[in-house]
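Reading through the structure tokens given below for one structure.
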Amino acid sequence: MGKKVRVRFAPSPTGDLHVGNIRTALFDWAYARHTGGTFIFRIEDTDTTRVTDEYIAAAIDTLRWLGLQWDEGPEVGGEFGPYLQSQRLEIYAHWAQKFLDQGDAYYCFCTAEELEARREAQKSANVAPGYDGKCRNLSTQEIADFRDQGRPAVIRMRMPEGETKFVDRIRGEIVFDHKYVPDFVLARADESPLYTLAVAVDDILMKVTHVLRGEDLLSSTPRQIRVYQAMGVKEEDFPTFAHLPFVMGQDNAKLSKRNGEVSIAWYRDKGFLPEAICNYLALLGWSPGDDVENITMQQLTELFTVERVNSSPARFDMKKLESINGDKIRALTLDDFLSRALPFLLESRVISGTDKEIALVKAALPIIQERITRLDEISGMLKFLFVKTFSIEESSLSKVTDSAAKSVLRRSLEDLTALTSWTHTNIEEVLRAALIEDLGLKPRIAFGVVRVSVTGSTISPPLFESMELLGKDSSLARISAALSL
RNA sequence: GCUCCUGUAGUCUAUAUGGGCGAGGACGUCACCCUCUCAAGGUGAAAACCAGGGUUCGAAUCCCUGCAGGAGCGCCA
């Protein structure tokens with residue numbers, strides 16, 4: 001080796017980045033960081049009909065949010081830019097022409113309809129569908145005739161007979177017989193490049209040393225290698241390939257909207273922490289070993305090696321993600337937790353953002369920190385502290401209306417009114433003395449009644465702390481309101 | 001159809017190069033404990049080597065076949 005590691009994450013943003021993309025990006029990033037190499041972010045936008053500026057912007061935003069800093073790429077630049085393939089068109093045109101001149105590529109005049117018809121024929125004849133090489137050896141006369149007819153021509157790469165052999169860092173030696181690798185198109189009739197041309201050219205020009213990407217690209221590797229060869233690159237300068245296993249949906253199908261949300265934007269909105277997403281995704285197809293699971297981004301870069309990546313596909317499990325998310329939330333410092341919680345409270349309009357509100361939120365967060373698995377649960381748990389017109393939820397109303405409940409409320413109101421120092425320990429002391437010791441009630445019954453009257457729900461943060469935060473006036477007002485229901 | 005990849009509990013995985021694997025951990029599930037609800041935490045339980053052959057003193061670990069799942073075969077990436 002000796003060469004400095006350069007890895008790239010090169011998505012084609014035809015939609016929001018999804019779980020699978022991110023897992024790939026994460027491994028690329030972790031590998032670069034682990035080896036002290038360079039992490040390159042490149043946008044593959046050669047398919048202008050499907051890639052949009054919005055999706056590109058979203059991809060950039062998502063990577064930023066996840067904390068996967070790139071060393072070269074959009075917005076940060078770099079020595080081998082530009083990093084948007086749409087800005088590198090003349091480079092691809094140059095190489096396509098060179099391949100043509102060398103005889104490695106040729107013009108193909110077959111129309112889409114003709115190709116389609118022949119593919120159908122191949123299928124019904126039980127032959128692998130693929131280009132049949134019709135235009136491979138056209139004479140100059142034939143080419144001229146097609147040109148005269150005004151037929152458009154694509155540029156096709158010639159696959160010589162033989163085989164391509166390479167060592168995949170995850171799967172070992174892989175061999176493809178060229179019989180199953182048909183001549184492929186490098187550029188459209190309008191000369192715009194295709195992925196097959198652009199990736200290979202860019203990986204070489206950007207001096208990429210390791211290609212870590214999805215398993216779906218495994219069978220396109222011989223085509224890339226073919227381009228390297230046509231470029232005159234020596235075999236020892238080819239990048240090393242490592243094809244990562246798939247991330248699939250719960251039901252073993254490919255991840256899609258239908259089974260589990262795939263867009264990272266959705267996870268962000270739901271209140272998943274970026275470090276939780278990364279930690280969980282890192283565990284899909286990789287493991288640090290030694291029964292370790294909960295790791296920081298820093299540890300990931302220290303522990304990550306391609307050797308420990310599995311070759312078998314993994315299923316995405318939302319439950320486990322939530323569990324890890326809960327762990328990460330519990331590990332947050334109060335200030336960090338606060339800054340992450342605020343956007344959700346603002347968004348749901350539980351608070352408007354005044355200093356007073358924020359101070360109350362900060363005081364309340366510790367009592368809910370271990371009770372949530374996602375940030376979007378915060379609003380529901382704290383809204384009782386902020387609502388202007390308080391009401392008890394429908395399903396819990398019956399808890400406070402029977403006569404036994406009334407006596408609990410009456411007694412609570414009485415004893416609490418006399419309490420001067422409104423702290424949760426004092427509140428608890430008073431209520432225990434009155435309801436448990438004096439009235440002889442079971443704690444869960446007695447406190448349950450008070451809980452519903454004060455928080456409006458049978459489920460809430462710890463009662464006494466909640467009452468302290470709510471304040472004496474509001475707490476007593478709610479109890480007396482419940483009394484008159 | 002053809003080519004390629006993959007196969008440890010419901011899920012993710014650990015067991016560096018075959019022998020403490022009579023299979024370990026985590027999520028989930030169930031039970032119990034703790035407890036003012038909900039959580040968190042603690043304890044415990046059920047739960048797996050795809051099948052069949054071989055190689056070997058010994059295989060979950062290596063080989064073959066079968067089966068199952070997935071991917072690719074585009075003027076998509």
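Chain letters run A, B, ... following the sequence lines, proteins first and then strands; every chain starts at 1.
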Separation of the C1' atoms in B:A40 and B:C27, to the nearest angstrom: 16 Å
Test the A:R478-A:F390 pair against the cation-pi criterion, namely NZ or CZ under 6.0 angstrom from the six-membered ring centroid and within 45° of the ring axis. yes
Whether the side chain of A:D291 and the base of B:G24 hold a donor-acceptor pair under 3.5 Å is what I'd like checked. yes
Report all interatomic pairs (protein N or O, nucleotide N or O of nucleotides 44-50 of chain B) with separations under 3.5 Å.
none

Is any side-chain N of the basic residue among A:E307 and A:R169 closer than 4.0 Å to the acidic one's carboxylate O? yes
Note: A:D317-A:K319 ion pair, threshold 4.0 Å (strictly below): no
Below 3.5 Å, does any donor atom in the side chain of A:R171 face an acceptor in the base of B:C5, or the other way round? no
Give me the distance, rounded to whole Å, that separates B:C63 from B:U56 when you measure between the P atoms they each carry. 16 Å
Residues of residues 441-448 of chain A with a heavy atom under 4.0 Å from any atom of RNA chain B, listed by number, are A:P443, A:R444, A:F447
Identify the residue among A:R158, A:R226, A:K98 that makes a side-chain hydrogen bond (donor to acceptor under 3.5 Å, both in side chains) with A:D104. A:R226
Between B:A60 and B:G24, how many Å separate the two C1' atoms, rounded to a whole number? 14 Å
Is the base of B:G41 touched by the side chain of A:E370 through a donor-acceptor pair closer than 3.5 angstrom? no
Of A:Y280 and A:E215, the one whose closest nucleotide on RNA chain B sits nearer the 5' end is A:E215
So which nucleotide does B:A26 pair with, by the Watson-Crick or G-U wobble rule with both distances under 3.5 Å? B:U11
Six-ring centre of A:F27, A:R23 cation under 6.0 angstrom, axis tolerance 45°: yes
May I ask you to say whether A:R374 pairs ionically with A:E322, meaning some side-chain N is under 4.0 Å from a carboxylate O? yes
Need the pair for B:G18. Rule: Watson-Crick or G-U wobble, both distances under 3.5 Å, any strand; none if unpaired. none
Considering every strand shown, what is the Watson-Crick or G-U wobble mate of B:C38 when both distances are under 3.5 Å? none
Using the closest heavy atom to pick a nucleotide of RNA chain B for each, name whichever of A:K123 or A:P462 lands nearer the 5' end. A:K123
Is there a Watson-Crick or G-U wobble partner for B:G72 with both distances under 3.5 Å, and which nucleotide is it? B:C2
